[in-house]
Each structure stands twice: as C-alpha cells, then as structure tokens.
Amino acid sequence: MAIVSPRRRKRTGSDVAPDHAGIKLEKNDINSSEACLDEPATRVHEVVRYESSSLTAKHYDPATGQPVSSGLRSLEELRSWQRSEANPFDVASVPPVDRQPPLATCDRRTLVCHDMMGGYLEDRFIQGTEVEMPYVFYHWEYIDIFNYFSHNMVTIPPAAWTNAAHKHGVVVLGTFITEWKDGAETCEAFLADEESYRLVADKLVQIACYHGFDGWLVNIENKLSETAVKNTPLFLRYLSDQTHERIPGSLILWYDSVLEDGKLQWQNELNDSNRVFFDACDGFFTNYNWKEENLEWMKTYSAARGRLANVYVGVDVFARSEVVGGEFETNKSLELIRKHGLSVAIFAPGWVYECHDKRDFRNNQDKFWALIADFLYIHRPSCSLPFISSFCQGFGNCFYWKGKVEEARSWMNLSTQEVQPLYLSETLEGGGWVKTRGCPQDAWNGGCSLVVHSLIPVTLSRMCARVFSVHIPLTPKTFLSFMYKSSEGVAVSLQLHVMDTESCSIGNVDTVQRESWVLASQGEGLQHQQQQNRDLSEYGNGQRDGSAQPVMHLCRCFLLELGGCALRDICISLSPLVRDRKVPFECRIGEIMVLDAEKLPGVPAAVENVCLDNVAWERKAGAGPDVARELCLSATLRWRYPHGQARHFLVHRHRPDIPDRTPILVGRSHTTLFRVCGLTVPEPPGALELLVEPVGKEGTVAPQSAWGRLVLSYAMEGATSREGADESLLPAVVDSQ
C-alpha cells in the first residue's frame, strides 16, 4: 500500500482539542493524526503518489488495509508503548453503564475467561468483516467480568468486545501473561527493582486507559527468582493502586500459579503459599483441578474472610485433566462452587463453538448457559432513557435496516451488538413451555430478531416471558414502542414491571398510533418518521417465519403516565384466544423502545469538522485480464459529533461531477472515524465527495444538511493544483458547519 506523507492543507476552524472516549485531552496528549480535526475544511487536494506504506501491519491488516486489534508480544514493546503510536481505531467508544446490584455488593460473582482459539480471530477487524459463522458472546446478563485472553504477553481486548460488555455493565479485563523460559527472563527484567516494575505497571495502566477497558488478569506461569518473587506483590499493589486511581470500578486479578517462594506450582486453591499475591490485588483466580475439599478449605480460610467474593474458582469447560464437570456438565462444577459461597471463573466457554458444528452454535451456546442458569445471578443494566434494542447480537446472515435487507452477506461486528435480552428456557405448569432465542431471519435492525416460542397449556389464560431485566428511572410521560410479528391465535402485548417504591404512581396508559409520535418531530424529521411508517408496512411482506400459520407485522405504541417509577422488567404477555387445547405459538420481536415522551427524537445534530489523513494510493488489477489496473484510494476519515447521540454513522461516496446521482454507501462506523480501504476512483485529475451521515439512537435519519462532507480533488504528481483539479468537478460546497 502506498501512503502520501502527512502535509498541512489550507483549512479554517477553531483550535479545540478533540474528546477521546468522552474524556477531555490536553493539547500535548493528542495523537498527531487527530490534529486534522483542528483544521476543518470543505475541500482538500491530494497528489497521487505511490509510496511505501507508513502504516504498521500491527494495526492494519496487510491484505485488506482494514484496522485490526492486536496485543503486545514482548517486554520491549510494552516498555516503549506510546499513546501517539497506538491504534486510534481500537478504542472503546462505550463507557460502562451502571448496574444493579453494583458489583462491589455481589458476594457470588461470575467471570468469563474467553480464551477462544488463541484470540484475535475475526473479532480483530475493528470495522467488522465478512464471515459465515463467527464466535460471539451474548449472555451478558449472567456475568460480571469478561477477560479477553490470548498468549500474547499483553492481550488488549478488541474495542468491540469492550463496547458490547460495557453496554451491559460488565467489567472488561485484558491479560498480562509470562510463560516458559522467555517468561522467566521477562520477569527477571521487569521485577528486578522498583523502577522496573513501576515502569511496566504504568504502561499497563496507560494502555487500559487509552483503549477504554477496566483492568488486568495477571498470569505469571514461570519460576521466579528470590528478587523477582519479592517484588511481585509490590508490583501488584502498585498496579492496583494506579489502576484504581485512573479507572473507576477497575480490577486487578491474580491467577493461581506461582508460590511465595517463586516455585511454579498450581494449588487449585487460595492458601498460605499464595495469599501474599491475593492480599496485594483485587482477586484470585484458581486453577481448575480442585476438589470439594479445596472449596471447603477456602470457605473457612481466615485470609479469605470478608473477601470470599474475590476468590474466583476456575472451571475449564473443556474438562481437561481431572476436573469436576465441564462441557455440558459444567453445572456440576457451579453447583459445588455456589454451595460454598464462592465466585466462579468460567474458562473457555467457546468450547460450544470449537468442538461442535458451527451451524449449531447458537443452539449449543443457549443450551450451555441454560444448563448453568440456576447457579448464575442476573444483574440489571442501569441507565437513563432512551432504552432501545433491536436484539442484534453483532453478526448475521444479512444486514437489516428497518425490516429490509440492506446487505445480503454474512457479517460480524460486535460494536453493532445491542443490549441483549434474557435468553430463557422455562417449563410451565400443565405441560407447557416457553423459550426465547436469537434468530437471523426477519430482523428489524442489524442481524438478529428475538423469537419467543411457547406451548401455552389449557390451564393458563395468560403467560409472560421476561425479555429484559433492567433498572431505568422513568419520566412522568414515557413513550413505548413495540415492533413484532406473531402467529395467529394468541393476543400479544407488553407487560412492564416497575420498582415497588413509595414514590411510584401509575396514571393513564394510553394506546397511541405511531403517527402520534410523528407529531413530536419537525421539518425533515417529520418526513423521516412518516417514511418509517411506510417501512413498517413493508416489514416481512410476503415472508413467513417457518411456521404453518401466516404472520402479522405490527407496531404498538403506548403513552404511559408514571411518577417516580423505575422500570424493572419488560415482558411479553401472551393470551390464547382459544382455551380448549394447548396452543403452539411463535412471536418475532423486531425492536423495543422506551423513550422520554417530552424528548422524542428530532433532527439529529450535524456532523462537523470532517477531515482526512493517512491517504494512500495504489493500483489494483481490474476484473479481467484486459482491464486496466484501477486507481484505488485508502484514507482515514475523522469528524466531530456529540458523544453518545448517534446509533452509528454511514459513510458514503459521491461524484461531484454527477450531482443527481444517489450517494453510494461505503461503510458504517460506530465511532467518529472510519478507514476507507481500496476505494476505486476515476482516473486523475478527478474529485470525490465523502459524506458522513449520522443516524440517531432512535433510528432517526438526518437531513443532508446535517451530513458531514468533504470534497477530495486529486491529480498526478507534477501537475499544478489548477491543472490537476478541474474546476468543473468542484461545485460550490456549502460548509456543513
């Protein structure tokens, strides 16, 4: 790939430092590549040069040029880590939401250690990738801590995993690991003295802060010298203190491996030989070959008194060596661990993916978590309105938008994963049952809808399936929207459970037409909402969901008057219209929205300060042997937008010399930058308009006046600006600011 060296362009604009993951940065802490944001322009000119790439293969896939996540392999890499050289794409854009109950008050916690086939698989592609059936995780309601694991010395969780976890109030940990002979040499170097271990700890804290995750699992799996082992607790304490100071709610955990005398000897328990490490950090992750007597010991061990929640008993789902349970009998392990009041660390639940037919992944993952659900504790994401979910799991067979297939290809991008529902499998009295599952067909937005299957027994006139368990303070007037398709014979409605507090009062509950919501929007926003009504009328037209019964497609809207209430549960209520027999039933839910009725969505804010950097030109072979090699552009597009107000952004291309042509979609971004990769452009001299369209959290689409735009003109090296950029290709551009 060829790169044009960075150069100053003529721009206008204010000198304001950009926000980084919602945190204000000092001027001298800004990545040089972000500086273009301070020099906004509506058009720029580039010279086409074919030069060697200045982008590191560590941060960009050599084959595609797409930005990728990666870890650090050596102590030298860690010591020399600098924010200015870090991957700007691999930064979590979602801060952790609050949760109920808070993690600090939970005495039986659940940690998942991902350890998926070495890590950094399809999930390393930050802007998503095309893949048939990837591994993802979506049972977030059951877990408290997620640890991304690989055998890199420093494993940095891909930003998309952190985004998905944070939406559910789950803490995300990276991994710092040393192993074998190389690991022993690393430890001798960084644990040699205070200056050395503080440098490493400081770098680990900086990395976590920059990438937006919440701490580290420290895993020293090699022998330590007398000096190194003496300094290890000091390193852990310093790392813990510094991380806590910089990252609220952060954790540093230690894995059961080395003893206080430096020997590598797994204990499968917390005891006097390893408690010195436990005392220096936030928790202890035991090895997997424990027996019940190990659990009994830890329950009564004086050093763990008052901190049993911080002892995470390891469970290897692969059931390697002598373990209790594992595989689809992991419930046996959890039953014993919970019996003794301890936390659990579930290692490698990707077994359901690695060791089974990939086509059955969803079924096997749901089966695994259903089998252990009795020993897990649901936590509730706690957030303010709006609350919106289309149930997207972060992958799919097609990409849907408002019920229509927008892209007919398999894909994965965990940043698109929305707040996940409860995936239930329950038996009802009278021989009935109810199950919920994700389904890649007939989604509303993204790649997945939620399907509620049920066999309603004769004995029940109504049953409820809990879909979300949350903690959301409601406004005095709350708007509720419910998109669904159902088989016949059952009446479907929503049932809300609110917190039972003295201040909570329930007034009117009115069914309203979707057009009532439309009236709250103005101008082009009104036109958008009317278009959404037309989209709804086409949702699933001519399609069936696999059952023998026809499907309906409905949107029901409600206006609630609730004073001082907090939403606790969102349930689907099912009432059979026929009572003389068991009724099989299926309902596909496309989206649920809970909004403040006084702040219904209007026109999204405008995109500002669009700029371009790291431009690269190359020639690629055309479609056939006689086709000339095409000119292709790669570049990083950046812009400013109010934090947290967009669902995503759509990046388009447009030919300024063909003004009536509809812009062509290039890709989606879930943050305020996007890497354009290998985009075919006309031969120079030429011009290309790049457009950034914001999509509101509620799905509201901005008028074109709110889109960010930048015209790029280009010419071959040696041509003057006037020779290279035909003025007829550059219409007068109205500044989007």
Side-chain angles (χ1 to χ4, degrees), residues 31 53-62 67-91 113-121 123-126 147-159 161-162 172-213 215-225 227-229 231-232 234-236 238-240 242-243 252-255 257-258 262 264 277 281:
N31 194 314
S53 173
S54 64
L55 298 180
T56 171
K58 182 179 185 60
H59 299 328
Y60 298 88
D61 180 57
V68 293
S69 302
S70 61
L72 308 179
R73 295 184 175 276
S74 69
L75 183 60
E76 181 181 359
E77 274 192 271
L78 176 58
R79 284 172 164 170
S80 62
W81 184 91
Q82 296 292 331
R83 181 189 181 279
S84 60
E85 300 173 2
N87 189 344
F89 290 89
D90 199 18
V91 177
C113 184
H114 126 288
D115 189 39
M116 179 64 202
M117 299 172 67
Y120 300 119
L121 304 175
D123 57 350
R124 76 184 186 278
F125 289 96
I126 297 167
N147 167 229
Y148 194 87
F149 186 91
S150 80
H151 289 277
N152 289 277
M153 192 185 83
V154 178
T155 299
I156 300 169
W161 279 99
T162 303
V172 179
L173 305 181
T175 305
F176 177 61
I177 186 172
T178 63
E179 303 174 279
W180 314 107
K181 181 181 177 181
D182 288 347
E185 293 173 354
T186 295
C187 290
E188 291 307 304
F190 91 85
L191 292 170
D193 52 47
E194 181 178 3
E195 182 180 1
S196 298
Y197 72 68
R198 285 196 170 205
L199 172 61
V200 166
D202 288 341
K203 292 296 183 180
L204 292 174
V205 174
Q206 292 168 24
I207 289 170
C209 286
Y210 176 79
H211 289 278
F213 59 96
W216 297 95
L217 170 67
V218 179
N219 187 357
I220 306 296
E221 296 208 60
N222 47 257
K223 294 189 299 182
L224 295 177
S225 68
T227 298
V229 76
N231 284 329
T232 299
L234 302 177
F235 161 69
L236 285 173
Y238 180 76
L239 175 62
S240 299
Q242 295 301 307
T243 307
I252 302 297
L253 304 184
W254 172 263
Y255 179 68
S257 51
V258 176
L264 177 62
F277 310 112
C281 66

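Worth saying up front: this structure is predicted, and the values here are computed from it rather than measured.
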Participant: Give me the atom names and distance for the closest heavy-atom approach of D90 to A159.
Facilitator: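 Here D90 and A159 meet closest at OD1-N, 2.9 Å.
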Participant: Compare all side-chain heavy atoms of S69 with those of N87 and state whether any distance is below 4.5 angstrom.
Facilitator: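 They are not in contact (no side-chain heavy atoms under 4.5 Å apart), so the answer is no.
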Participant: For A192, does its backbone N or O pair with a side-chain atom of S196 as donor and acceptor, under 3.5 Å?
Facilitator: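 Judged by distance alone, no pair lies under 3.5 Å.
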Participant: How close do Y60 and V68 get, counting heavy atoms only, and between which atoms?
Facilitator: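 Closest heavy-atom pair between Y60 and V68: N-CG2, 3.9 Å.
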Participant: If you compare all heavy atoms of E188 against all heavy atoms of S225, which two are closest, and at what distance to 0.1 Å?
Facilitator: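 Closest approach of E188 to S225, heavy atoms only: OE1-OG, 2.7 Å.
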Participant: Are any of the side-chain heavy atoms of N152 and L72 separated by less than 4.5 Å?
Facilitator: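 N152 vs L72: side chains apart.
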Participant: If I take atom CG from residue L217 and atom CG from residue L253, how far apart are they, to the nearest 0.5 angstrom?
Facilitator: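 Rounded to the nearest 0.5 Å, the CG-CG separation comes out at 6.0 Å.
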Participant: Less than 6.0 Å separating the ring centroids of F176 and Y255?
Facilitator: no
Participant: Measure up the W81 and H211 rings against each other and bin them: parallel (under 30°), tilted (30 to 60°), perpendicular (over 60°).
Facilitator: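 Aromatic pair W81/H211 classed tilted.
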Participant: The test is side-chain contact (heavy atoms from CB on, under 4.5 Å); show your working for N222 and W180 and say whether it passes.
Facilitator: CA-CA 6 Å; N222 47 257; W180 314 107; over 6 Å; no
Participant: Working to the nearest 0.5 angstrom, can you tell me the gap between L199 CG and E194 CD?
Facilitator: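 Here the interatomic distance stands at 12.0 Å.
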Participant: Restricting to non-hydrogen atoms, name the atom on V91 and the atom on Y210 that form the minimum distance, rounded to 0.1 Å.
Facilitator: CG1-O, 3.3 Å
Participant: Name the orientation class of the two ring planes belonging to Y148 and Y120 (parallel below 30°, tilted from 30 to 60°, perpendicular beyond 60°).
Facilitator: tilted
Participant: Test side-chain contact (heavy atoms from CB on, under 4.5 Å) on Y238 and D202; report intermediate values, then the result.
Facilitator: CA-CA 9 Å; Y238 180 76; D202 288 341; 2.8 Å; yes
Participant: Can you find a heavy atom in the side chain of F149 that is under 4.5 Å from one in the side chain of I177?
Facilitator: yes
Participant: Report yes or no: does E77 contribute a side-chain atom to a donor-acceptor pair with the main-chain N or O of R73 at less than 3.5 Å?
Facilitator: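 Side chain of E77 to backbone of R73, a donor-acceptor pair under 3.5 Å: yes, one is there.
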Participant: Heavy atoms, side chains only, cut-off 4.5 Å: are D61 and R124 in contact?
Facilitator: yes
Participant: I'd like to know whether CD of E185 has more than 12 heavy-atom contacts from other residues, nucleotides or ligands below 6.0 angstrom.
Facilitator: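 It does: E185 CD has more than 12 such atoms within range.
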Participant: Quick one: CG on D182 to OG1 on T186, what's the gap to the nearest 0.5 Å?
Facilitator: 6.5 Å
Participant: Using only heavy-atom distances, determine whether the side chains of T178 and E221 contain a donor-acceptor pair under 3.5 Å.
Facilitator: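 Not at all, the side chains of T178 and E221 share no donor-acceptor pair under 3.5 Å.
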Participant: Can you find a pair of side-chain heavy atoms, one from D115 and one from N147, that are under 4.5 Å apart?
Facilitator: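 Contact flag for D115/N147 side chains = no.
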Participant: How close do R79 and A189 get, counting heavy atoms only, and between which atoms?
Facilitator: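 Taking R79 first and A189 second, the nearest heavy atoms are NH2-O, 3.5 Å.
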Participant: Apply the test salt bridge (charged side-chain N to carboxylate O under 4.0 Å, His left out) to residues K58 and E85: give CA-CA distance (whole Å), side-chain angles for both, the deciding distance (0.1 Å), then the verdict.
Facilitator: CA-CA 11 Å; K58 182 179 185 60; E85 300 173 2; over 6 Å; no
Participant: If we ignore angles and hydrogens, is there a donor and acceptor under 3.5 Å between the side chains of W161 and D123?
Facilitator: yes
Participant: CH2 of W216 to CG of L204: how many Å apart, nearest 0.5 Å?
Facilitator: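 Answer for the CH2-CG pair, W216 versus L204, is 5.0 Å.
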Participant: Classify the side-chain pair T155/S150 by whether it contains a donor and acceptor separated by less than 3.5 Å.
Facilitator: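 The criterion, which ignores hydrogens and geometry beyond distance, is satisfied for S150 and T155.
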Participant: Quick check for you: to the nearest 0.5 Å, what is the distance between M116 atom CE and L121 atom CG?
Facilitator: 6.0 Å
Participant: Evaluate the side-chain contact (heavy atoms from CB on, under 4.5 Å) criterion for residues F213 and L173: first the C-alpha distance (whole Å), next the side-chain angles of each, then the deciding distance (0.1 Å), finally the verdict.
Facilitator: CA-CA 6 Å; F213 59 96; L173 305 181; 5.9 Å; no
Participant: Taking C-beta and beyond as the side chain, do S70 and H59 meet within less than 4.5 Å on heavy atoms?
Facilitator: yes
Participant: Would you say L191 and L224 make side-chain contact, with heavy atoms under 4.5 Å?
Facilitator: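 Yes. Closest side-chain heavy atoms under 4.5 Å.
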Participant: Going through the checks in order, is the side-chain contact (heavy atoms from CB on, under 4.5 Å) test met by Q82 and K203?
Facilitator: CA-CA 9 Å; Q82 296 292 331; K203 292 296 183 180; 3.5 Å; yes
Participant: Looking only at heavy atoms, which two atoms of T162 and G212 are closest? And how far apart?
Facilitator: CG2-O, 3.4 Å
Participant: Any non-hydrogen side-chain atom of I220 less than 4.5 Å from a side-chain atom of W254?
Facilitator: yes
